[in-house]
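All values below were derived from every heavy atom in this structure, side-chain atoms included, with hydrogens, water molecules and symmetry-related copies excluded. Just so you know, residue 1 is the first one in the sequence shown, and it goes up from there.
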Amino acid sequence: MIAQINPSYIKTRPMKALTRLMSYAFFEGRPVTTKGRWINPIVFSLLKTVSTNNRTYKSVEKPIFILGTGRSGTTILGIVLSMHREIGYLNEPKAIWHVIHPHEDIIGNYSRADAKYRLTAEDATGAMRQRAAQMFGAYLAVTRSKRLVDKYPELIFRVDFVRTLFPDARFIFLVRNGWDTCHSIANWSKRLGGEVDGEKHDWWGVNDRKWQLLVEQLVKTDPLFSEIVDGIRHFERHLDRAAVEWILTMREGLRLMQASSDCIHLVRFEDLTLEPDETLAALCDFCELSMDSKFGEYARQTLHPVPAREPFDVHPKIASIFHDTMAELRYNS
């Protein structure tokens, strides 16, 4: 349903449904694979006005960012967290991030200019910090929220950039079995991908923009793939591409867990759905969120174990790396 709102969501905390609609309509923007893109000029006009005016909005303290591979459960985690009384939740607010940094659009949602998959601390400027504080602060003020949760999985390649904007940020690294994640990506792209005005729009961006950037900026610079870059570049099957994205993302997360364990908390999707009380209690403790009875009740109603998908024939060029990554994450491959 629109903005991920269903009857159970409305019944649990009716005002949260209004907050989600406001987030969806005025802050998040609509990507190329969705309907309602007519609203984007309004969204960008609003965001640019907010980002450049002199008004002081609510302070953004300890914002929480959900990272990982898309289709791994990041949305359901975000929706569950959005039910917490202190939280305002933004579901991939790429419009905001595009106003913050004009070259962050790897999909081609709003721009066909050059884009950067990875953003570092050196890419952040004082003006970007100001724009980020203004837009997210305005969002918190409008929704009367104390804490921000932003689900944008690709930010896993931009953690240092985000920490420069928000030094006290908290990050949730969500992991899920590689078989399940890759099947979900492939099915999503087949189901929602299509051609619009002569352009191919699917999981891999406008005319494969995301895939090309992923290969040139991530695969090509990763020593694990150094001898097989040319072969990977020509992958066409959604499952093969998804496996590459999953490997890169999971290994980035594992590196971050070693380098920045003070601000990153790992959550296994399987634990989240099987043991929501314990998993969310630990997560709230890490994020310095008080426990909330309605939030806990909604989580128990919403989160349920998902049947595992069958393994597929991983492309031989990346099979060993895929299985090694599964093993490092404690999944039986």
Side-chain angles (χ1 to χ4, degrees), residues 1-28 34 58 60-93 96 136 139-153 155 169-177 180-181 184 188 264-308:
M1 297 178 68
I2 189 168
Q4 300 95 27
I5 297 171
N6 59 26
S8 175
Y9 194 95
I10 297 170
K11 181 180 178 181
T12 304
R13 273 200 166 119
M15 288 303 296
K16 286 289 186 178
L18 178 60
T19 300
R20 280 299 305 135
L21 286 172
M22 292 173 63
S23 307
Y24 177 86
F26 300 118
F27 290 90
E28 294 171 358
T34 61
K58 190 175 179 67
V60 184
E61 298 179 0
K62 299 177 182 177
I64 302 162
F65 298 91
I66 300 175
L67 316 175
T69 311
R71 308 303 300 171
S72 64
T74 53
T75 297
I76 191 62
L77 175 58
I79 289 298
V80 167
L81 285 174
S82 77
M83 191 54 68
H84 194 285
R85 62 173 175 264
E86 297 180 12
I87 283 175
Y89 168 61
L90 287 163
N91 180 54
E92 299 193 21
I96 289 178
F136 285 121
Y139 172 73
L140 290 175
V142 168
T143 59
R144 298 183 180 182
S145 304
K146 293 182 179 180
R147 299 285 297 280
L148 169 75
V149 169
D150 176 343
K151 186 222 59 172
Y152 188 176
L155 289 181
R170 300 287 187 271
F171 301 91
I172 303 168
F173 173 36
L174 185 65
V175 305
R176 187 179 184 184
N177 185 302
D180 297 344
T181 304
S184 187
W188 186 99
I264 298 180
H265 180 75
L266 186 147
V267 172
R268 294 167 65 88
F269 175 78
E270 294 79 7
D271 295 339
L272 177 67
T273 54
L274 185 63
E275 300 176 335
D277 286 342
E278 295 86 344
T279 305
L280 289 173
L283 177 56
C284 286
D285 183 60
F286 171 78
C287 293
E288 298 180 48
L289 289 167
S290 59
M291 284 306 291
D292 173 345
S293 59
K294 283 193 175 183
F295 160 67
E297 177 186 348
Y298 179 74
R300 287 187 291 274
Q301 293 174 355
T302 304
L303 296 169
H304 305 286
V306 179

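- A pairwise comparison of heavy atoms in T181 and S72 identifies OG1-CB, 3.9 Å as the closest pair.
- Distance CD1/I264 to CD1/I172: 11.0 Å, rounded to 0.5 Å.
- Checking each of I64, V149, L283 against L289 for a side-chain contact (heavy atoms from CB on, under 4.5 Å) leaves exactly one that passes, namely I64.
- Of the inter-residue distances, the one linking K294 atom NZ with R13 atom CZ reads 5.5 Å to the nearest 0.5 angstrom.
- Partners of P63 according to the side chain to side chain contact (heavy atoms under 4.5 Å, CB included) rule, which considers only residues two or more places apart in sequence or in another chain, are V60, F65, L148, F166, D168, A169.
- Distance CZ/F171 to CG/L266: 14.5 Å, rounded to 0.5 Å.
- With respect to the salt-bridge test (charged N to carboxylate O, under 4.0 angstrom), the residues E28 and K151 do not qualify.
- Contact annotation: the side chain of Y139 approaches that of T19 to within less than 4.5 Å [non-hydrogen atoms, C-beta and beyond].
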Without placing hydrogens or testing angles, list every side-chain donor-acceptor pair under 3.5 Å for residues 76-88, not counting sequence neighbours.
residue	atom	partner	partner atom	Å
S82	OG	Y9	OH	2.7
S82	OG	I79	O	2.6
H84	ND1	E86	N	3.1
H84	NE2	S290	O	2.5
R85	NH2	S290	OG	3.1
E86	OE2	S290	OG	3.1

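- With rounding to the nearest 0.5 Å, the separation of CD in E297 from CG in D277 is 11.0 Å.
- A donor-acceptor distance shorter than 3.5 angstrom exists from the side chain of T273 to the backbone of E270, with no hydrogens or angles considered.
- Using modelled atom types, no side-chain atom of R300 and backbone atom of P276 make a donor-acceptor pair closer than 3.5 Å.
- Considering all non-hydrogen atoms of both residues, M22 and F27 come closest at O-CD1, 3.7 Å.
- Under the 4.5 Å side-chain criterion, counting only non-hydrogen atoms from C-beta, E92 is in contact with P153.
- Shortest non-hydrogen contact noted between Y89 and T75 is OH-O, 3.9 Å.
- Between the NZ atom in K146 and the NZ atom in K58 there is a gap of 8.0 Å [rounded to 0.5 Å].
- Contact check for V142 versus F26: no side-chain heavy atoms found under the 4.5 Å cut-off.
- For V306 against R176, the heavy-atom pair with the smallest separation is CG1-NH2, 3.8 Å.
- Summarising the geometry of L21 relative to I5, their closest heavy-atom pair is CG-CD1, 3.7 Å, with the distance given to 0.1 Å.
- Between F136 and L90, the closest side-chain pair of non-hydrogen atoms falls below 4.5 Å.
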- Any chance you could lay out the salt bridge (Lys or Arg N to Asp or Glu O under 4.0 Å) test for R268 and E275, step after step, and finish with the verdict? CA-CA 10 Å; R268 294 167 65 88; E275 300 176 335; over 6 Å; no

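- The shortest distance between side-chain heavy atoms of M15 and R144 does not fall below 4.5 Å.
- Annotation: M291, atom CE; neighbour count of heavy atoms from other residues, nucleotides and ligands within 6.0 Å is above 12.
- In this structure, Y298 has no side chain to side chain donor-acceptor pair (under 3.5 Å) partners at least two apart in sequence or on a different chain.
- Rounded to the nearest 0.5 angstrom, F269 CZ and L303 CG are separated by 8.0 Å.
- When all heavy atoms of H304 and Q301 are compared, the pair lying nearest together is NE2-O, 2.8 Å.
- L272 places a side-chain heavy atom less than 4.5 Å from the side chain of L280.
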